[in-house]
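Heads up, the thing below is written out as structure tokens.
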Amino acid sequence: MRSLEVQDQSPYKDQRFDPVDFSVAGRRWLEVLRQSNHHNNGYGLEEKLDELRSLLGKADGDPLRIVGVGAGAWGSVFAALLQDSYGQFREKVQIRIWRRPGRAVDRATAEHLFEVINSREDVLRRLIRRCAYLKYVEARLGDRTLFADEILKDGFCLNMIETPLCPLKVVTNLQEAVWDADIVVNGLPSTETREVFEEISQYWKERITAPIVISLAKGIEAALKPVPRIITPTQMINRATGVPMENILYLGGPNIASEIHNKEYANARICGADKWRKPLAKFLRQPHFIVWDNSDLVTHEVMGGLKNVYAIGAGMVAAHTNESATSKSVYFAHCTSEMIFITHLLAEEPEKLAGPLLADTYVTLLKGRNAWYGQMLAKGEISRDMGDSISGKGMIQGVSAVGAFYELLSQSSLSVLHPDEKKPVAPVELCPILKTLYKILIIREQPSQAILQALRDETLNDPRERIEIAQSHAFYRPSLLGQP
């Protein structure tokens, strides 16, 4: 056998190490190895876990219980991130995820899943080792029906089949999942958040201490009476459960779930009260996933829903112009000017949102499911009759957000001065793209091509003018966010 010569790069390469005679150099080298192994096995993670446990008053032998509610792409990836990092400390933390039972995997998806498994040697070996491979063979042949909760246990999210995750502890009974949770991660769509947390509140009636809730949901509802205002998922959770707002946080950022799981560099913000946001930012932070913290919860949450609105239109423009870079840039200029206009209604200091909002919008327009939805709709590969929940993609939250923002900004009580007509108009009259998306998606009186007609309207104002209007007037309406 040919020997391999390896160049020693250690600082002790000129010192001889006798494995029997532990010289000073030998002991120093072993310590370097020990520290290296300690680091590779999670050095620093256990300290962060212990710090959070201490803040939550967890005693020895009582594990920190973290529960994900909802198993869409981002909710599943978020649970997998925590499991990958902290799952090794089984006596100190338990991580599980809840999803509804009974969702069958169709034959086409089962066949595709089988292809994914066999293309990944690590996944294939893992399933064989867990005696879980045979059921995927049977499903591929049509001899067995798989279920979404069943495959999630093996690390496959139904909305993200091509990105295998780590195995997860899956619970299908909601009461069992949440009744003793210390931290609950809301991975539900905004359209389902209220209903599920109203049920959860029944299981928390006997609790002495309130849990922490981290919401990942991006979407809003509009309430028009007694005054027009936005209702966000964190507010839904607060009203449904009675958990104080200081214990409810929002985490969002410019990220794509599959890319975060593949350890592409990403960042996010966790927003909420001082008490928990900094400790949680530290706990969640990883080398490839940097988490900052911010006190402005509601505005960031609303902006997370707003960018989904315009992402749908971006997909339509891309499809109808054969991916024309020029047309997409024209759309970007107009949609960002509308978003800036709307932020001046919602935020007292909107310039602070410019970076996070534009970054989140940019990544969503590039690769998000809402842009994909707009593109497929324009190509005729899906239709509005299929609803907002699309197989393999999950809930398209931008659709309901279009309706909510349109209804809200149509209220005459929020009127602003029209720059040309010099008369009060509802804010939506200065947002032609939002109006067009409403006509396409909600009342369905126009085809998707109307988005191009809106851009090519010769009477359309320069986007710069819309921004100048917002910046030169006292537009801020704190009541929109339920503030006095």
Side-chain angles (χ1 to χ4, degrees), residues 68-81 83-84 87 95-174 177 187-189 191-192 196 256-262 367-373 375-377 379-397:
V69 174
W74 188 206
S76 297
V77 165
F78 197 84
L81 285 176
Q83 180 63 34
D84 281 336
I95 300 159
R96 55 189 187 264
I97 186 168
W98 171 84
R99 73 153 294 138
R100 293 183 178 89
R103 175 74 181 274
V105 178
D106 61 56
R107 176 77 180 273
T109 303
E111 291 176 353
H112 182 47
L113 178 55
F114 186 72
E115 293 174 0
V116 171
I117 291 169
N118 285 286
S119 69
R120 292 277 302 268
E121 183 179 347
D122 58 330
V123 176
L124 179 60
R125 288 182 178 277
R126 186 184 78 200
L127 291 174
I128 293 174
R129 190 166 58 249
R130 291 164 57 92
C131 300
Y133 180 64
L134 181 59
K135 64 186 177 187
Y136 294 99
V137 177
E138 294 173 340
R140 165 67 178 82
L141 297 173
D143 296 334
R144 174 174 179 160
T145 299
L146 295 171
F147 291 91
D149 56 287
E150 178 184 15
I151 66 173
L152 186 60
K153 293 177 183 178
D154 294 325
F156 302 108
C157 171
L158 190 58
N159 294 342
M160 200 174 55
I161 290 296
E162 295 185 356
T163 305
L165 311 175
C166 63
L168 294 170
K169 169 66 175 174
V170 180
V171 182
T172 56
N173 182 293
L174 186 57
L188 296 163
T191 50
E192 298 178 19
V196 173
I256 300 295
S258 59
E259 294 185 354
I260 291 177
H261 182 263
N262 292 333
K367 201 174 178 180
R369 78 180 71 174
N370 289 277
W372 171 90
Y373 177 81
Q375 195 164 24
M376 294 299 103
L377 203 62
K379 290 180 177 180
E381 296 184 21
I382 60 175
S383 72
R384 284 292 294 120
D385 293 334
M386 296 170 64
D388 302 346
S389 183
I390 305 298
S391 177
K393 288 291 181 178
M395 182 62 68
I396 308 301
Q397 298 191 81

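Note that the CG atom of L141 and the CZ atom of R107 stand 7.5 Å from one another [nearest 0.5 Å]. Rounded to the nearest 0.5 Å, atoms OG (S76) and CG (L158) are 9.5 Å apart. Rounded to the nearest 0.5 Å, atoms OH (Y136) and CG (D154) are 3.5 Å apart. A distance of 12.5 Å separates SG of C157 from CD of E162, quoted to the nearest 0.5 Å. The CD atom of Q397 sits 9.0 Å away from atom CD of E192, with the distance rounded to the nearest 0.5 Å. Between W74 atom CH2 and R369 atom CZ the span is 11.5 Å, to the nearest 0.5 Å.
R140 places no side-chain N or O within donor-acceptor distance of the main-chain N or O of E115, the cut-off being under 3.5 Å. Using a distance-only test at 3.5 Å, with no hydrogens or angles considered, a donor-acceptor pair links the side chain of R96 to the main chain of A177.
Shown here is K135, whose NZ atom has more than 12 heavy atoms of other residues, nucleotides or ligands within 6.0 Å. Within a 6.0 Å sphere centred on CD of E381, heavy atoms belonging to other residues, nucleotides or ligands number more than 12.
Counting heavy atoms from C-beta outward, L146 and T109 have side chains that stay 4.5 Å or more apart. Contact annotation: the side chain of K393 approaches that of W372 to within less than 4.5 Å [non-hydrogen atoms, C-beta and beyond]. Residues L152 and I97 have side chains in contact (heavy-atom distance under 4.5 Å, counting atoms from C-beta outward).
When all heavy atoms of L165 and M160 are compared, the closest pair comes out as CD2-CE, 4.0 Å. For I95 against G87, the heavy-atom pair with the smallest separation is CD1-N, 4.4 Å. Contact between V105 and A110 at its shortest, heavy atoms only, is CG1-N, 3.9 Å.
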